[in-house]
Amino acid sequence: MSDINDLYAQARHAADNSYAPYSNFHVGAVVVAEDGRVFTGCNVENAAYGSAICAEGNAISSAAAAGVRKIDTVVVACLDAGECYPCGNCRQLMREFKVNTVVVQDGEGSLRTHKFGEILPHSFGPDSLENNAN
Ligand code: THU
């Protein structure tokens, strides 16, 4: 398993490819699957603003498309902000694939590591549908 600083460097590198002409807010993300495979993503904006894709969602989708169903760690890097946390929608995307750990920058040159439940407590997920009569 890669060192967390190396994963963060990969997330920053992914952010270099961010397509963010509208917000100028460049984000990169790294996903480490349960089996150790690593996927990267950046945010991709659109003239129809609501069609923007977040970096985390992009990386998670790449992992899912490669067959990943369980993610260990997500690392987020923002080039244009200090402290930088995933948006609510990305937290929900993480929930689906059982993310254990989320690593973010603290804006002072260090990384913060969170258990997933700290950033999305009392969440709705696949198990929430288990008793659905349908
Ligand atoms: N963005 C991300 O890529 N991830 C987040 O968790 C928060 C926001 C992107 C979306 C948009 O392209 C830009 O940052 C400004 O919101």
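In listed order, ligands and their atoms are each counted from 1. All residue numbers refer to positions in the sequence shown, counting from 1.
- In terms of protein heavy-atom proximity, atom 9 (C) of ligand 1 is closest to Asn43 ND2, 3.6 Å.
- Listed by number with element, the atoms of ligand 1 under 4.0 Å from a non-hydrogen atom of Glu56 are 2 (C), 3 (O), 4 (N), 5 (C), 6 (O).
- Rounded to the nearest 0.5 angstrom, His26 NE2 and Asn17 CG are separated by 10.5 Å.
- Taking atom 14 (O) of ligand 1 as the reference point, the nearest protein heavy-atom neighbour is Phe25 CD2, 3.4 Å.
- The protein reaches atom 12 (O) of ligand 1 closely, with a heavy atom under 4.0 angstrom from it.
- Between the side chain of Arg91 and the backbone N or O of Pro86 there is at least one donor-acceptor pair closer than 3.5 Å.
- Checking only distances, Cys90 never comes within under 3.5 Å of ligand 1, N or O to N or O.
- Atom CD1 of Ile60 and atom CG of Leu93 lie 5.5 Å apart (nearest 0.5 Å).
- Of the protein's heavy atoms, Cys87 CB, 4.0 Å lies nearest to atom 7 (C) of ligand 1.
- Close approach of ligand 1 to Cys54 (heavy-atom distance below 4.0 Å) involves ligand atoms 1 (N), 2 (C), 3 (O), 4 (N), 5 (C), 8 (C), 10 (C).
- In summary, the atoms of ligand 1 found under 4.0 Å from a heavy atom of Glu45, numbered by their order in the structure, are 11 (C), 12 (O), 13 (C).
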### Task
Assess whether disulfide (SG to SG under 2.5 Å) is satisfied between Cys84 and Cys78, documenting all intermediate values.
CA-CA 6 Å; Cys84 177; Cys78 298; 1.7 Å; yes
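- For the pair Ala55 and ligand 1, the shortest N or O to N or O distance falls below 3.5 Å.
- The list of side chain to side chain donor-acceptor pair (under 3.5 Å) pairs with a residue in residues 44-67, not counting sequence neighbours, reads Ser23-Glu45.
- Using a cutoff of 4.0 Å between basic side-chain nitrogens and carboxylate oxygens, Arg95 and Asp127 are scored as salt-bridged.
- Atoms of ligand 1 lying under 4.0 Å from any heavy atom of Ser23, numbered from 1 in the order shown and given with element: 13 (C), 15 (C).
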### Message
For His114 and Tyr85: C-alpha separation, side-chain torsions, deciding distance, then whether side chain to side chain donor-acceptor pair (under 3.5 Å) applies.
### Response
CA-CA 11 Å; His114 292 281; Tyr85 278 86; 2.7 Å; yes
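- Of the possible polar contacts, one joining the Arg69 side chain to the Ala64 backbone as a donor-acceptor pair under 3.5 Å is found.
- For the ligand labelled ligand 1, residue Pro86 lies inside the 4.0 Å heavy-atom shell.
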